[in-house]
Amino acid sequence: MASISSRRLAKELREIHAEGCPVGIELLKADDFATWWFSIEVMGESQYRDEKYTLQFRFDSQYPISSPAVQFVVGDGREAPIHPHVYSNGHICASILGNEWSPVLSVIAVCVTLQSMLASCKKKERPTDNDRYVRTAPDNPKKTRFHYDDDE
Amino acid sequence: MSSDYEYDDDDYYDDEDMIDGTQDDDEISDDDMDIADDIKSAAKGKLKSYEVDYDSLSQSEVEKHIRDDTEHICGILGVDLSTAQLLLRHLKWNKERLIEAYMDNPSKVLVDAGVALTESHSQPQAAPIRTQSSSSSGSNSRRPTRSSSKLIPSRSSRSSPTSPTTSYSIPKPLKASKSIQHFLCPICFDDDPALRTLSLDCEHTYCSGCWTAYVVSKVRDEGEHCIRCMEEKCQLVAPDNFIQSILVPEPGAPVGDPTEEAENAKVWARFQELLIRYFVSCNRDLKFCPYPSCTNTVSCPSASSKLSLTSVVPIVSCGARGIGGQDEQLSQSQGRLGALQGKEHKFCFGCPIEADHRPVICAVAKMWMKKCRDDSETANWIKSNTKECTNCQSTIEKNGGCNHMTCKKCKHEFCWVCMGPWSEHGTQWYSCNRYDEKAGQEARDSQSRSRASLERYLHYYNRWANHEQSAKLSLDLYAKTEKKMEEMQITSALTWIEVQFMKKAVEELDKCRQTLKWTYAMAYYLAKGNEKELFEDNQRDLEQAVEQLSELIESPIEPENIPTLRQQVTNKTVYVAKRNEIVLEDTANGFLDGRWKWNASVDGFDDPDPSLIAF
Ligand SMILES: [Zn+2]
Ligand SMILES: [Zn+2]
Ligand SMILES: [Zn+2]
Ligand SMILES: [Zn+2]
Ligand SMILES: [Zn+2]
Ligand SMILES: [Zn+2]
């Protein structure tokens with residue numbers, strides 16, 4: 001019997017192939033049900049005009065009951081966007097990836113939420129505790145208990 | 001299975017009573033017997049100044065408190081049981097605040113607590129407004145809006161409730177099947193017509209498999225008792241009976257996978273434990289027993305305030321013994337570990353530092369532990385088990401609790417702690433425990449001052465660590481002692497019961513070393529002066545008595561000396577217990593009288609006089 005996680009991811013992938021991704025989001029690679037990559041850019045006027053970032057999703061067997069581990073890819077010429085909720089190692093502090101994760105959310109829903117998080121940014125800056133966090137951060141951002149300071 | 005001893009478990013545990021029965025021979029003086037009697041009767045009767053009054057509660061007793069509180073709220077607010085539970089948990093079990101908030105704005109409190117607003121929360125009313133079928137099975141989760149029946153009907157003239165729908169977003173599930181009759185779980189995309197579906201009052205419907213996986217993950221992996229609907233931003237909290245219906249098969253339900261059912265039953269038990277832990281954590285008078293897999297609670301109102309912790313050291317015990325499940329195995333395979341078996345669940349109600357840090361109060365114990373952590377590298381060498389003989393420099397290893405060392409090579413006798421000659425230790429004027437402040441006072445320049453400050457710290461740390469080390473070695477000592485007891489039975493006419501005096505002595509030593517250890521943390525922070533000197537006199541007397549008893553226990557056994565040894569050990573044990581009483585009692589009284597002054601600022605005390613601050 002296929003696990004819930006792979007059945008669910010297969011379904012999400014079929015929908016992406018059938019209907020395509022929302023504007024500004026592109027599927028880069030999804031060869032298995034463990035790790036997927038997307039490119040993401042903000043359309044229209046924004047602080048991130050003409051910038052393109054790579055998002056990585058890691059799934060465990062509990063997906064979608066448990067949230068995916070999502071982060072921006074850093075290295076090989078790629079960088080994390082400069083944003084008050086994005087650390088320079090690519091980790092993202094967003095409640096939707098933590099305590100407000102809901103199993104009805106999908107990979108695309110996460111992409112769209114992060115895209116609008118970037119779009120609504122007024123000032124490009126790193127989180128105030130960036131250096132301290134990056135020095136001690138775990139490899140998997142899900143192991144961090146983020147404090148969601150300014151949730152909308 | 002080896003059985004070295006001719007006794008069964010009953011004898012072993014009942015020996016306290018039996019040894020008392022054998023003690024009315026004239027080997028023990030009347031005087032000493034009186035003290036022993038005093039100690040015994042105090043344990044049952046009135047409290048000593050270093051003891052606190054407390055109660056231990058079993059899980060079911062706490063559950064009864066929870067039920068009483070919940071029913072009380074049901075009666076006052078006119079809500080059903082599961083609503084009352086969610087309301088109380090939301091307001092951290094503060095009944096007064098709940099009643100106040102509810103009177104002020106019931107629908108806000110209900111929404112915030114994750115309760116669906118239905119007509120049942122209004123005061124008794126005529127016709128129910130709900131019109132929709134409550135059967136959720138087969139309903140489609142894409143139902144775009146909540147039915148109006150979910151709104152609270154206007155209940156009274158004093159408040160007009162706001163619509164709860166404003167706090168929800170419209171559900172946006174993944175694309176589910178378009179067919180209305182056909183259920184497709186929006187999480188796992190299963191559309192088996194036989195699928196069992198469930199929803200809370202919000203009617204966000206999912207298959208039971210997804211619900212189970214979700215509840216299990218929340219309870220088991222996250223230790224969460226407040227389990228919200230799986231829908232994004234839906235704030236409804238699953239009531240207990242909903243969780244139960246997911247984890248516990250209803251009577252007569254088809255038998256499922258036994259391993260899964262067993263796992264779910266464990267998760268259900270864990271959920272109930274989480275609820276109790278939460279209730280206990282909301283109540284300052286209660287603490288959950290910290291021993292693994294113990295579910296008892298201790299109630300100690302006299303130590304619930306921060307202020308109370310400046311004058312009492314609330315050492316309590318939950319009433320249980322041993323470590324859950326393991327205890328039985330231990331007693332069967334390892335009779336020798338008698339010392340560890342059935343150890344009572346003792347802990348400090350005021351802090352998590354150590355099971356028993358009497359006589360020193362929590363705040364000072366905490367300062368001391370921090371100091372030790374910060375200075376751990378400087379002091380590490382002390383913890384090592386080997387030192388060099390001060391006379392011939394050969395390496396000597398410590399392997400017992402006794403501080404009296406004899407060099408194997410040159411026969412030089414010295415004290416393990418201060419390295420001074422042992423010959424001076426037995427006398428009243430010699431104080432191995434007291435730090436000579438003179439050296440520190442004479443240090444003028446900063447370099448020698450910081451050196452003196454380190455030496456002062458090392459003086460206390462050395463002694464503190466030595467008692468800790470001895471406590472760690474006490475398991476070995478128990479084993480060695482049991483061997484000796486065995487030997488004695490063979491070489492003398494003593495029975496098993498009659499050699500128990502050795503075990504009693506080791507137990508008393510253990511207790512006293514624990515006290516001594518913490519007296520060094522206390523002395524490090526005590527401001528110098530008369531009070532400190534008296535404290536150190538008592539400390540020294542206990543220390544000397546402990547070392548003497550320690551030495552007696554570790555001395556080699558000559559068959560012809562056994563009766564003398566027995567008398568000496570028994571007398572010394574009683575004496576040591578008395579010295580321990582004096583230290584504990586006098587220190588506790590000092591806290592109650594406000595007699596102790598510190599050389600550093602301690603939480604809850606006035607800042608020390610500048611002239612008393614230690615360098
Ligand atoms: Zn499902
Ligand atoms: Zn819901
Ligand atoms: Zn316990
Ligand atoms: Zn404490
Ligand atoms: Zn020597
Ligand atoms: Zn000494």
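Convention: sequence-line order gives letters A, B, ...; per-chain numbering from 1.
Within a 6.0 Å radius of NZ in Lys142(A), other residues, nucleotides and ligands contribute more than 12 heavy atoms. Environment of NZ in Lys124(A): crowded, with over 12 heavy atoms of neighbouring residues, nucleotides or ligands closer than 6.0 Å. The local environment of CZ in Arg78(A) is crowded, with over 12 non-hydrogen atoms from other residues, nucleotides or ligands closer than 6.0 Å. Counting heavy atoms of neighbouring residues, nucleotides and ligands inside a 6.0 Å radius, atom CD of Glu41(A) exceeds 12 of them. The number of heavy atoms from other shown groups lying within 6.0 Å of CG (Asp32(A)) is above 12.
A distance of 12.0 Å separates CD1 of Ile187(B) from OG of Ser106(A), quoted to the nearest 0.5 Å.
A heavy-atom distance below 4.5 Å is not found between the side chains of Arg8(A) and Cys188(B). Within the 4.5 Å cutoff, no side-chain heavy atoms of Ser102(A) are placed close to those of Lys233(B).
In this structure, Arg7(A) contributes its side chain and Phe189(B) its backbone to no donor-acceptor pair below 3.5 Å.
Contact detail for Tyr214(B) and Ile65(A): the closest heavy-atom pair is CA-CG2, 3.5 Å.
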